[in-house]
Amino acid sequence: VILWALYEWCHGTTLLEIQLKLGLNETNSFYRLIDDFQSLVCLHDTPPLLDGVVEADEYEQGRHQKGIHGHPTSVKADIRGVFQRGTGLCNLEVFQKLKPDGDRRKGPPSEADVVPFVKTACAPCILFTDGAKAYCSLAGSGFTHFHVSHTDGEWFRDEKIMVKGILKDFSVNTNGIDGLWGKYTVWIGSKFGVSRAKTPGYVKEYQWRTNHASEDLFDLALSYMAE
């Protein structure tokens, strides 16, 4: 039963459909099984070090009040991420923007929120971000950093960037990682409610599914179990 549930989970079957197919009536035990699958992924899967051209951004996961657009009115988790152009590989991580007193802080990220993460997730590379000032110090750490100011209505800009002695044309934008957030929003919404405590597991599951989209995830999961 566990392998059958793992097979269905790896192939994107909804949790409700898995329960119905397998006749699993004990909901708590079933969801603990899903937690075990996510733990298996987190334990054995290490995202690759991104390089080349990378986009970095943050995402607020939460509930939007009907009729109000933009930032969610009730934030469940902050997620930071990097996305590699060309390959679609990503590295995602849940964090919390905090005040010195430990309460959650609203607004843009601080340098401490994003810079150590980017340095760990990426080799020195061409880095595109939005206008958040927190990323600016990366320019002095081997990164070639460009940004677009969304608050000023700037969504893309053409730049000539020197790469190994050759001047190349690039479009500076964050369309890749913005698209990733859009797909994640649809995917997490299909789970019909994920608690704050369980969000990190779902974020890492989504990262795993994205980075191994061209592989058979069931075979990959079985290889983890064999290690």
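Legend: residues meeting side-chain contact (heavy atoms from CB on, under 4.5 Å) with Phe156, ordered by chain and number and at least two apart, are Ser171, Asn173.
Checking side-chain atoms of Gln84 against main-chain N and O of Leu50 turns up no donor-acceptor pair under 3.5 Å. Counting only distance, with no hydrogens or angles, the side chain of Asp130 and the backbone of Ala132 share a donor-acceptor pair below 3.5 Å. Between the side chain of Lys204 and the backbone N or O of Leu92, at least one donor-acceptor pair lies under 3.5 Å. Under a 3.5 Å cut-off, the side chain of Arg157 and the backbone N or O of His147 do form a donor-acceptor pair. No donor-acceptor distance shorter than 3.5 angstrom exists from the side chain of Arg85 to the backbone of Gly176, with no hydrogens or angles considered. Here the side chain of Asn211 pairs a donor or acceptor atom with the backbone of Cys90 at under 3.5 angstrom.
In this structure, Val114 is a member of the same hydrophobic cluster as Val82, with clusters built from ILVMFWY side-chain heavy atoms closer than 4.5 Å. Taken together through direct or relayed side-chain contacts under 4.5 Å among Ile, Leu, Val, Met, Phe, Trp and Tyr, Val172 and Phe83 form parts of separate hydrophobic clusters. Under a hydrophobic clustering in which Ile, Leu, Val, Met, Phe, Trp and Tyr are joined whenever their side-chain heavy atoms come within less than 4.5 Å, directly or via other members, Val41 and Trp187 fall into the same cluster. By the criterion of side-chain heavy atoms lying less than 4.5 angstrom apart, applied directly or through intervening Ile, Leu, Val, Met, Phe, Trp or Tyr residues, Val203 is grouped together with Trp208 in one hydrophobic cluster.
Rounding to the nearest 0.5 Å places CD1 of Ile79 at 11.0 Å from CG of Asp57. If you take CD on Gln61 and CD1 on Ile188, they are separated by 5.0 Å, rounding to the nearest 0.5 Å. The distance from the OG atom of Ser39 to the NE2 atom of His44 is 11.0 Å, given to the nearest 0.5 Å. The CZ atom of Phe170 sits 11.5 Å away from atom CG of Asp158, with the distance rounded to the nearest 0.5 Å. Once rounded to the nearest 0.5 Å, the distance linking CG of Leu3 with CG of Leu222 reads 6.5 Å.
Within 6.0 Å of atom NZ in Lys168, 12 or fewer heavy atoms from other residues, nucleotides or ligands are found, so the atom counts as exposed in its surroundings. Counting non-hydrogen atoms of other residues, nucleotides and ligands closer than 6.0 Å to OH of Tyr7 gives a total of 12 or fewer. When the shell of 6.0 Å around CD1 of Ile2 is examined, it contains 12 or fewer heavy atoms from other residues, nucleotides or ligands.
Counting heavy atoms from C-beta on, the side chains of Val54 and Phe143 never come closer than 4.5 Å. At a threshold of 4.5 Å between non-hydrogen side-chain atoms, the residues Asp45 and His212 count as touching. Counting heavy atoms from C-beta on, the side chains of Arg80 and Pro109 never come closer than 4.5 Å. At least one side-chain heavy atom of Phe117 sits under 4.5 Å from a side-chain heavy atom of Glu93. Annotation: side chain of His150 is in contact with side chain of Trp155 (closest heavy-atom distance under 4.5 Å). The shortest side-chain heavy-atom distance between Leu6 and Met225 falls under the 4.5 Å cut-off.
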Assess whether side chain to side chain contact (heavy atoms under 4.5 Å, CB included) is satisfied between Ile177 and Tyr59, documenting all intermediate values. CA-CA 10 Å; Ile177 196 163; Tyr59 171 83; over 6 Å; no

Given the rule in the side chain to side chain contact (heavy atoms under 4.5 Å, CB included) test, do Trp9 and Ile18 qualify, once you have shown the distances and angles that lead to the verdict? CA-CA 8 Å; Trp9 178 78; Ile18 296 175; 4.2 Å; yes

With side chain to side chain contact (heavy atoms under 4.5 Å, CB included) as the test, would you mind laying out the steps for Asp51 and Leu49 before giving the verdict? CA-CA 7 Å; Asp51 58 10; Leu49 189 69; over 6 Å; no

From CA spacing to verdict: side chain to side chain contact (heavy atoms under 4.5 Å, CB included), Lys198, Tyr202: CA-CA 7 Å; Lys198 290 185 179 296; Tyr202 279 91; 4.2 Å; yes

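In this structure, Tyr206 and Tyr184 have perpendicular ring planes: the angle between them is above 60°, well past the 30° mark.
Using a 4.0 Å cut-off between charged side-chain N and carboxylate O, Glu60 and Lys97 make a salt bridge.
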